[in-house]
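Here it is: the structure, laid out below.
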Protein chains: 2
Amino acid sequence: MITIRDLAEQLGVSVATVSRALNDQLGVSPELRQRVLDLAAEMNYRPNVAARNLSTDRTHTVIFMVHRRRFPAAADPFYSYIMHGMEASLSLEGYSIMLLTVTDEQLAQGPQSLPALQEKRADAVVLAGPEFLPGFILSVARLGLTTLLVDNALRETPFPAVLADNEGGSRTLTDHLIKVHGHTHIAFLQGPKGWISCEERSAGYQFAVNAAGLESHIVESEDTTPETGQDAFLRAIKDRPETTAIVASNDAMAIGAMRAARQLGIKMPQEMAIVGFDNIFWSAYADPSLTTVSIPTIEVGRLAARLLLERLYGTVTASSRTIVATQLVIRNSCGCMEAA
Amino acid sequence: MITIRDLAEQLGVSVATVSRALNDQLGVSPELRQRVLDLAAEMNYRPNVAARNLSTDRTHTVIFMVHRRRFPAAADPFYSYIMHGMEASLSLEGYSIMLLTVTDEQLAQGPQSLPALQEKRADAVVLAGPEFLPGFILSVARLGLTTLLVDNALRETPFPAVLADNEGGSRTLTDHLIKVHGHTHIAFLQGPKGWISCEERSAGYQFAVNAAGLESHIVESEDTTPETGQDAFLRAIKDRPETTAIVASNDAMAIGAMRAARQLGIKMPQEMAIVGFDNIFWSAYADPSLTTVSIPTIEVGRLAARLLLERLYGTVTASSRTIVATQLVIRNSCGCMEAA
DNA sequence: TTGAAAGCGCTACCAT
DNA sequence: ATGGTAGCGCTTTCAA
């Protein structure tokens, strides 16, 4: 293994100079700098990360923390995508990303139970998903790591967070059912209370429905899987048989609802329009193909990476929530393009 | 931040002793050891990883390397699952896992283009997926990192690798179509040449078909997506209209084939049985639900982690390939349980 | 069993 | 612009 000492000796200069040249710091004459760089390249020099970490107290590493159940979610690798987006961005800046999945027990015990965090293996940490509660979040932040929430947020305390525009997307989606297809009895299949994305989607639905002077109809669920979607659908039409359209909290629920509808012999989209959220890969393969809202997950990850780096370098202090635009994806399940 | 020096001073002993006590090394009297441990706990001492890394030349980190296109694969988060399994196991041993996705250019340029590898940010590296070619693999290994292949293998050189029992799974699956359902004209939708898992699945199919005295019928594809499955299916039945069953290289292709069959008005499973491989979440939601072979991805990850740690600790030297058993998952698309 | 001290490779401060 | 050098916190010889 070759070190800056080797380079320094070869060139007959001090290690300090070599270090400066290598780190692009001022105080080195252009020609000497070039000689250092050339020799480093020639000798295939690689900095020792551990040594640099020790003396700078920086690791150039970010921890991506997510609940173990959610990575990957069987039905939807949402967080895998976000991590992927982060990795691609971070690697460009010389940063690495570590995966840390946490169990319910660890969540309950707090960050003390997470050695990777305590040992400061990273400069920053992303907490992805709604499982992280305020108490946990704040204790992580208190550890001294730069902390960022993704697909989650604190309600009262301002805290850096990146989220999709769930409310806007849901409003647009619901509006589409109302304005384009003329539905007047639309139910919303709501996911668990406390999952911010579900609540925002619910809010978007309600806004659209209220604005149109329609009655809202919210059916609650404990989860957002096909199974719970199926179940919620059945309750929805039992409650109100006049229902002709369903907005599900996500695609998985929507696909479950479709299955339930099909089993009852309900024609889709003619007798029942069903739409989802997330635009998972398989939503295009549902029958009828699912109208939904897409979230640019890679972009969410890219943004998270950028925000983190900005905060690490002190470029920026303010701005708590960052909202990423979503987009309506029209397919067949809303009633559009039936000819296709 | 509290260091071993703080502990040493508090206790009036040397840092060497504290270090030994903390690292469970011999040469410390039981009572002193206990006092050290107690104080460490009381003062909430956390070792500085960078310092330890520097002096031991170990990082207690593993890099999970995968092609950028494959993480996560939109249709099937196969590698996300494996990484997840690895993380869960590694964290128990105090190891962390880093994600490193690589592009085609980086693959072509070799490990030189990957700073994370060169800088020895990890003790070991897993190369997951068939995109890593022998030259690349061997140069990574030459870097001095403990290297392990997952869902890939070298053909000639013995090299540590973990794979699912693709051949066995595929043989069992094909056998099921022959023995239970009496099919005599079964086509195999083959994925790209060079993807070892696809080739093994192909071999399993051929073995079963030959053993039954049937003719094999292999249809090639450039990828293993629903689109390529759809296309391959059409070519298969055009080639041989007598075909009554399809074994696809994976579930995504199988679902694509189903779509093509449905568009042609072919009844499934009565007129056409279609089966897949991987048991992705959505395969249960296909119509008819997909008979397939499940791969215990979490277990694959767990095994990979264990093999890596064993090699890091020099417990084991031999054994190149490790094969993980797969399991037949019977649903409706093969013709079983039609009543259900 | 315990302690002293020499590094690990790099950064950054203080001189020159 | 360049050099000398003191750490960063820990592990690990070597002595006692």
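Lettering follows sequence order; numbering is per chain, from 1.
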Exercise. Taking the six-membered ring for Trp, are B:His84 and B:Tyr81 parallel (under 30°), tilted (30 to 60°) or perpendicular (over 60°)?
Worked result: perpendicular

Contacts satisfying salt bridge (charged side-chain N to carboxylate O under 4.0 Å, His left out) that involve residues 57-69 of chain A (not counting sequence neighbours) are A:Arg68-B:Glu87, A:Arg69-A:Asp104

Students should find that the nucleotides of DNA chain D closing off the region near chain B, any atom under 4.0 angstrom from a heavy atom, are D:dG9 to D:dT13

Residues passing the side chain to side chain donor-acceptor pair (under 3.5 Å) test with A:Arg302, sequence neighbours excluded, are A:Glu299

Q: Give one of base, sugar-phosphate or nothing for A:Glu119, where a contact means two heavy atoms less than 4.0 Å apart.
A: nothing

Expected list for residues 35-59 of chain B near DNA chain C, using heavy atoms below 4.0 Å, is B:Leu54, B:Ser55

Within residues 14-23 of chain A, those residues having any heavy atom closer than 4.0 Å to DNA chain D are A:Ser14, A:Val15, A:Ala16, A:Thr17, A:Arg20

Contact class for A:Leu26 (heavy atom, under 4.0 Å): base, sugar-phosphate, or nothing?
nothing

By salt bridge (Lys or Arg N to Asp or Glu O under 4.0 Å), B:Asp38 pairs with (sequence neighbours left out) none

DNA chain D nearest-nucleotide lookup for B:Ile4 and A:Pro30: closer to the 5′ end is A:Pro30

Assign each of A:Arg5 and B:Gly27 the nucleotide of DNA chain C bearing its closest heavy atom; nearer the 5' end lies the nucleotide of B:Gly27

As a check of understanding: the bend across the helix from C:dT1-D:dA16 to C:dT16-D:dA1, end axes from five pairs, rounded to 10 degrees, works out to 40°

Heavy-atom nearest pair, A:Asp151 first then A:Phe78, reads OD2-CE2, 3.7 Å

One should read off an interatomic distance between A:Thr322 OG1 and A:Leu148 CG, to the nearest 0.5 angstrom, of 7.5 Å

Contact span of DNA chain C against chain A, any nucleotide atom under 4.0 Å from a heavy atom, 5' to 3', runs C:dG9 to C:dC13

The salt bridge (Lys or Arg N to Asp or Glu O under 4.0 Å) partners of A:Arg306 (sequence neighbours excluded) come to A:Glu310

Heavy-atom closest pair (B:Ile4 atom, B:Ser19 atom, distance to 0.1 Å) is CD1-CB, 4.5 Å

Answer yes or no: does atom CD of B:Gln25 have more than 12 heavy-atom neighbours from other residues, nucleotides or ligands under 6.0 Å?
yes

Here the pair of heavy atoms bringing A:Tyr79 nearest to A:Gly129 is OH-CA, 3.3 Å

Just distance, no hydrogens or angles: give the donor-acceptor pairs under 3.5 Å from side chains in residues 59-66 of chain A, sequence neighbours left out.
unit_1: A:Thr59; atom_1: OG1; unit_2: A:Thr61; atom_2: N; d: 3.3
unit_1: A:Thr59; atom_1: OG1; unit_2: A:Arg121; atom_2: O; d: 3.4
unit_1: A:Thr59; atom_1: OG1; unit_2: A:Asp123; atom_2: N; d: 3.2
unit_1: A:Thr59; atom_1: OG1; unit_2: A:Asp123; atom_2: OD1; d: 3.0
unit_1: A:Thr61; atom_1: OG1; unit_2: A:Thr59; atom_2: O; d: 3.1

The complete set of side chain to side chain donor-acceptor pair (under 3.5 Å) pairs with one or both residues in residues 134-149 of chain A, sequence neighbours excluded, reads none

Quick note, side chain to side chain donor-acceptor pair (under 3.5 Å) partners involving residues 41-56 of chain B, not counting sequence neighbours, are B:Asn44-B:Arg46

In short, A:Arg70 meets A:Trp195 closest at the heavy-atom pair NH2-CH2, 2.7 Å

Interatomic distance, CG@A:Leu308 vs CG@A:Leu303, rounded to 0.5 Å, equals 11.5 Å

